[in-house]
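Presented below is the structure to which this report refers.
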Amino acid sequence: YEGVNTIKEMGRSIHEIPRQD
Amino acid sequence: DDCIQFTRHAGDVLLNFNRLRSRNILTDVSIQVDGQLFRAHKAILVACSGFFYSVFMDPENASLSAISLDPKVDPKAFSILLDFMYTSCLNLNDTVVVTTLNTAIYLQMEHVANTCHRFMKSRSVQ
């Protein structure tokens, strides 16, 4: 992406699906 | 035993899923957002969004091939979040961050919502 500065987010990005409900 | 870890594998798999999406291959759901239609893979939606997890984990909805979201959801913000799901890149700027935050909350993507919040605070600080 031209002209876009990329910030690295090191944390978790999405929810975690449980091993079983 | 050794485990040879291919460190790029997760990113390469996601890139292929995005290629499949753009070619409409094996997409199994149409999401209608305020008149706009988005094709996607249920598995990716469920993996990335608590909202879609709760929708498609309900046996009644599992075979749905079309779902329309609440009309208050903004299509542009939804497309930013859908692209994030398939690329890991969240394309924020001052004009979209508020609707993207609200849509992330609606889709139960709390980590993304937190990032939007931090982005807003950093910008208003500058």
Side-chain angles (χ1 to χ4, degrees), chain A, chain B residues 10-11 13-14 17-18 40-59 62 80-97 100-101 103-123 125-126:
Chain A
Y1 295 102
E2 289 303 315
V4 172
N5 64 313
T6 300
I7 302 160
K8 298 272 185 197
E9 170 56 64
M10 308 306 280
R12 182 168 188 77
S13 62
I14 54 176
H15 71 135
E16 182 175 342
I17 290 176
R19 287 181 197 281
Q20 70 264 340
D21 254 354
Chain B
V13 168
L14 195 58
F17 266 111
N18 205 23
H41 302 87
K42 284 179 199 171
I44 298 287
L45 298 176
V46 168
C48 296
S49 151
F51 169 80
F52 285 115
Y53 176 78
S54 53
V55 166
F56 291 116
M57 293 310 281
D58 178 342
I80 288 169
L81 291 168
L82 191 59
D83 286 344
F84 161 74
M85 291 183 198
Y86 278 88
T87 64
S88 77
C89 290
L90 187 66
N91 271 326
L92 289 182
N93 61 49
D94 292 352
T95 50
V96 299
V97 66
T100 305
L101 167 62
T103 308
I105 291 166
Y106 175 85
L107 293 177
Q108 297 166 42
M109 298 170 74
E110 65 170 295
H111 300 86
V112 170
N114 294 340
T115 299
C116 291
H117 218 237
R118 282 197 301 276
F119 180 90
M120 284 164 66
K121 280 200 290 193
S122 69
R123 303 295 270 218
V125 166
Q126 277 164 13

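Put simply, CZ on Phe119(B) and CG on Leu90(B) are 9.0 Å apart, with the number rounded to the nearest 0.5 Å. Between the CD1 atom of Ile44(B) and the CZ atom of Phe52(B) there is a distance of 12.5 Å, given to the nearest 0.5 Å. To the nearest 0.5 Å, atoms CG (Leu92(B)) and CE (Met120(B)) are separated by 10.5 Å.
In this structure, the side chain of Lys42(B) engages the main chain of Ala62(B) through a donor-acceptor pair within 3.5 Å.
When all heavy atoms of Leu81(B) and Ala104(B) are compared, the closest pair comes out as CD1-N, 3.5 Å.
Listed by chain and number, the residues in a ring pair (Phe, Tyr, Trp, His ring centres under 6.0 Å) with Tyr86(B) are His41(B) (sequence neighbours excluded).
Among the residues in residues 106-118 of chain B, those with a non-hydrogen atom closer than 4.5 angstrom to a non-hydrogen atom of chain A are His111(B), Val112(B), Thr115(B), Arg118(B).
For chain A, the nearby part of Ser49(B) is the backbone; its heavy atoms alone come within less than 4.5 Å. For Phe84(B), the part lying near chain A is the side chain, with the backbone staying farther off; criterion is any non-hydrogen pair under 4.5 Å.
The side-chain heavy atoms of Ile17(A) and Val46(B), taken from C-beta on, include a pair separated by under 4.5 Å.
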